[in-house]
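One is the number of the first residue; the rest follow in order along the sequence. These numbers come from the heavy atoms of this one structure, side chains and all, not from hydrogens, waters or symmetry mates.
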Amino acid sequence: MDESFTIHRRGGVAISGDSIVAVGADADAYAAVETIDCQGRVVMPGLVNAHTHVPMTLLRGLADDLRLDVWLMGYMMPVEREFVNPDFVTLGTRLGCAEMIRSGVTCFADMYYFEDAIAQATADAGMRALCAQTVLRFPTPDAHSYEDSLALARAFIERWRGHPLIVPAPAPHAPYTCTPEILRACAELAVEFDVPLHTHLAETTFEVDNSRREHGMPVVPWAKKQGLFDAKVLAAHCVHVDDGEIRALKNFNAGVAHNPTSNLKLGAGIAPVARMLELGVDVGIGTDGPASNNDLDMFEEMRLAALLAKGGSPAGGDPTAVPARAALAMATRLGARAVHLDHLTGSLEPGKRADLIVVDLDRLHNVPSFDRDPNAVYARLVYASKSTDVVDVMCNGRWLMRDRALLTLDERALRDAAREQATRVDRFLTGREVSVLQKLVAVGGAVEQESFEVQVKARLASDAPALAALAGRQVTVVRSSHYHQYDTYWSFEDPDQGWLRFREDEFLDQDGAVTGARSRLTLTGRTREEEFGAVLLFRSRYLAPATQSPRFYREYFRPTAEHVVEKDRRRWLLAYRGVEFYVHLDRLITPSTDGWFIEIKSRTWSRRDAEDKAGVISELIALFGANPDDTISDGYVQLAAGQR
Ligand SMILES: [Zn+2]
């Protein structure tokens with residue numbers, strides 16, 4: 001797999017220490033301590049898995065067939081927050097290394113948390129890796145803030161630089177999960193230590209559309225503007241890049257990791273790999289994390305990369321695109337270039353490290369063979385070989401597998417430990433599934449508990465008496481505001497779970513123009529603590545910032561019913577007899593309802609206080625023109641649900 005794709009039909013590979021000293025007939029000149037007969041087999045460079053999150057072996061099969069955001073924010077990140085620690089990543093890395101060695105991988109590019117433990121487990125397993133410490137703009141399992149993760153990345157790079165197997169790097173996760181400041185700091189860090197930089201770029205159309213809307217340009221130029229390409233970049237995915245961006249990636253000498261299975265499984269799309277290769281970009285192949293694949297089989301990825309490039313569009317395409325030889329190059333030499341480790345690995349050439357595998361081509365699914373075209377061997381390897389045909393694996397001059405027996409890892413112990421770990425994760429998720437609140441806490445981060453609340457609601461034929469009362473002397477208006485509120489309510493099979501409300505507030509100015517917006521999630525119980533006549537005392541509510549779309553929460557919480565309430569709300573904070581009350585004057589748009597509703601409410605801290613305030617509210621409701629007999633006990637969602 002050298003630049004000219006030399007095939008040595010006979011001869012050998014001579015290895016001394018950690019390096020290759022001769023290849024082909026030249027190797028005959030060497031007398032060896034140990035000689036391996038590889039008749040009927042192919043000796044080739046070890047495969048390079050150009051992008052993965054290796055400890056996620058422990059999360060494979062945890063949640064599948066979901067949209068990227070629900071999968072990531074709803075399952076992966078909550079479980080990672082709960083479980084990921086140095087022990088977890090060590091076990092996950094060992095499991096991943098065992099799997100990769102078995103399938104002929106000698107080098108991989110990783111990105112995860114606690115990368116120090118990953119590097120250690122990888123080095124112990126004898127594999128080569130670009131290990132990249134993740135930096136995000138929000139808290140991670142190993143850092144409270146991005147300043148912490150940057151400090152962690154720096155310390156990690158300082159500790160591992162110069163290691164024979166491990167090349168450390170910073171990994172700003174992606175432009176949309178980082179700030180410009182983080183991207184710049186990571187690029188500077190990589191330049192300072194002359195190490196690569198590992199990131200995700202342009203994975204989904206959603207990401208690209210957001211970038212265009214927020215920054216006025218697609219992802220690659222925006223990353224360039226933040227100085228990202230000052231570093232030696234390894235960019236995973238690049239599914240949605242245009243010709244200009246591909247040329248830019250080439251000019252910046254950035255490597256691309258193509259992850260065909262992950263992109264298909266998460267519905268991201270198909271990267272324009274043939275075009276990238278045509279324009280000279282170094283494109284490697286990666287499995288991505290085993291939670292989105294769900295394995296680390298590079299033979300499968302290599303074949304899929306070749307097939308997708310040919311027929312991966314509804315109209316079909318070009319069967320000559322990405323031929324087997326190019327696919328194998330992507331999985332070896334080009335992949336090594338993409339991860340910026342081609343001075344060490346990716347081809348069998350004197351001077352490079354001895355990273356090689358022996359593949360048995362004499363299996364049933366791979367016979368017979370034809371000698372007429374020497375290039376046929378590439379097709380045999382890419383289209384017919386399986387990862388289980390790999391017999392021997394050597395990395396850095398050390399055997400990691402002989403005759404399909406792992407030499408540096410205990411397979412049975414790893415399987416047992418992984419099973420135990422899965423039981424703990426299962427228990428955690430099962431416990432969470434029983435309540436909407438638990439799921440809200442898991443996905444929403446901080447959820448605060450509010451105090452008790454007394455409230456009353458009544459219909460008004462006209463808003464005039466209420467407005468007159470507000471202008472009168474008996475009440476003092478502290479402040480007022482005007483909203484357009486769009487509420488989506490979800491209910492669940494078990495009514496005790498209450499209602500989950502997704503509220504989008506638009507703030508309106510005096511002329512009714514929108515001046516701002518916010519979204520919140522509120523979980524309200526349906527049970528009332530107590531009733532003081534028409535005034536109801538409500539239990540606490542749970543609030544969470546709504547950082548995702550309603551579609552996300554719908555798919556994540558899987559409610560059994562959905563109701564929409566849309567209204568125009570005028571809101572006053574007023575003081576009456578020394579106590580503060582909120583007054584809402586609402587006009588319902590959906591469900592379309594005549595007249596007005598008035599709602600008066602106040603926070604309370606004790607039952608005694610609630611009783612006092614209930615008395616005052618009864619006076620207020622009359623003052624605002626409502627007949628106390630017209631009060632209603634249901635909320636708008638019950639109106640919308642037709643439950644009255
Ligand atoms: Zn990834």
How far does [atom1] of [X] sit from [atom2] of [Y], to the nearest 0.5 angstrom?
| X | Y | atom1 | atom2 | result |
| --- | --- | --- | --- | --- |
| Y553 | T488 | OH | OG1 | 12.0 Å |
| H198 | E115 | NE2 | CD | 9.5 Å |
| E203 | H240 | CD | NE2 | 8.5 Å |
| H484 | E566 | NE2 | CD | 3.5 Å |
| I157 | I166 | CD1 | CD1 | 13.5 Å |
| T177 | Y146 | OG1 | OH | 14.0 Å |

Would H51 and H258 count as a close aromatic pair, with their ring centres under 6.0 Å?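 Ring-ring flag for H51/H258: false, centres at least 6.0 Å apart.
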Using the ring centroid of each side chain, check whether H53 and H200 are separated by less than 6.0 Å.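 Under 6.0 Å, so yes.
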Which atom pair, heavy atoms only, marks the closest approach of [X] to [Y]?
| X | Y | result |
| --- | --- | --- |
| T122 | A129 | CG2-CB, 3.8 Å |
| L91 | A418 | CD2-N, 4.1 Å |
| C178 | L183 | CB-CD2, 3.9 Å |
| L47 | S103 | CD1-O, 3.9 Å |

Any heavy-atom pair between the side chains of [Y] and [X] that's under 4.5 Å?
| X | Y | value |
| --- | --- | --- |
| I246 | P272 | yes |
| L165 | M127 | no |
| L150 | E147 | no |
| R154 | E192 | yes |
| D487 | V564 | no |
| T332 | V48 | no |
| I285 | E301 | yes |
| C97 | D124 | no |

Say whether, by atom type as modelled, one donor and one acceptor occur between the side chain of [X] and the main chain of [Y] under 3.5 angstrom.
| X | Y | value |
| --- | --- | --- |
| E245 | D242 | yes |
| T52 | D288 | yes |
| N49 | T287 | yes |
| S211 | E207 | no |
| D110 | V54 | yes |
| W71 | A63 | yes |
| K250 | G280 | yes |
| T140 | L136 | no |
| S481 | F507 | no |

Does [atom1] belonging to [X] count more than 12 external heavy atoms closer than 6.0 Å?
| X | atom1 | value |
| --- | --- | --- |
| R161 | CZ | no |
| E181 | CD | no |
| E493 | CD | no |
| F206 | CZ | no |
| D243 | CG | yes |
| R558 | CZ | no |

Could you check S387 against D297 for side-chain hydrogen bond (donor to acceptor under 3.5 Å, both in side chains), going step by step and ending with a plain yes or no? CA-CA 7 Å; S387 55; D297 189 331; 2.9 Å; yes
Side-chain donor-acceptor pair present, Y112, E80, cut-off under 3.5 Å: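 The answer is yes; a qualifying pair exists.
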Return yes if a side-chain donor-acceptor contact under 3.5 Å exists between D116 and Q120, otherwise no.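 Their side chains do not contain a donor-acceptor pair, so the 3.5 Å distance test is not met.
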Parallel, tilted or perpendicular, as decided by the 30° and 60° cut-offs, for the rings of H215 and W222: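 Answer is parallel, since the angle falls under 30°.
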Parallel, tilted or perpendicular: which one describes the rings of Y556 and F552, with boundaries at 30° and 60°?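 If you compare the ring of Y556 with that of F552, the planes turn out parallel.
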Among F428, F88, Y75, F114, which one satisfies ring pair (Phe, Tyr, Trp, His ring centres under 6.0 Å) with F83?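 Single ring pair (Phe, Tyr, Trp, His ring centres under 6.0 Å) partner of F83 among F428, F88, Y75, F114: F428.
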Could you go step by step and tell me if S262 and N293 meet the side-chain hydrogen bond (donor to acceptor under 3.5 Å, both in side chains) rule? CA-CA 5 Å; S262 168; N293 185 303; over 6 Å; no
Under 4.0 Å between a side-chain nitrogen and a carboxylate oxygen: does that hold for [X] and [Y]?
| X | Y | answer |
| --- | --- | --- |
| D64 | K265 | yes |
| D194 | K232 | yes |
| R518 | E506 | no |
| E188 | R184 | no |
| D342 | R333 | no |
| R213 | D209 | no |
| R60 | E99 | yes |

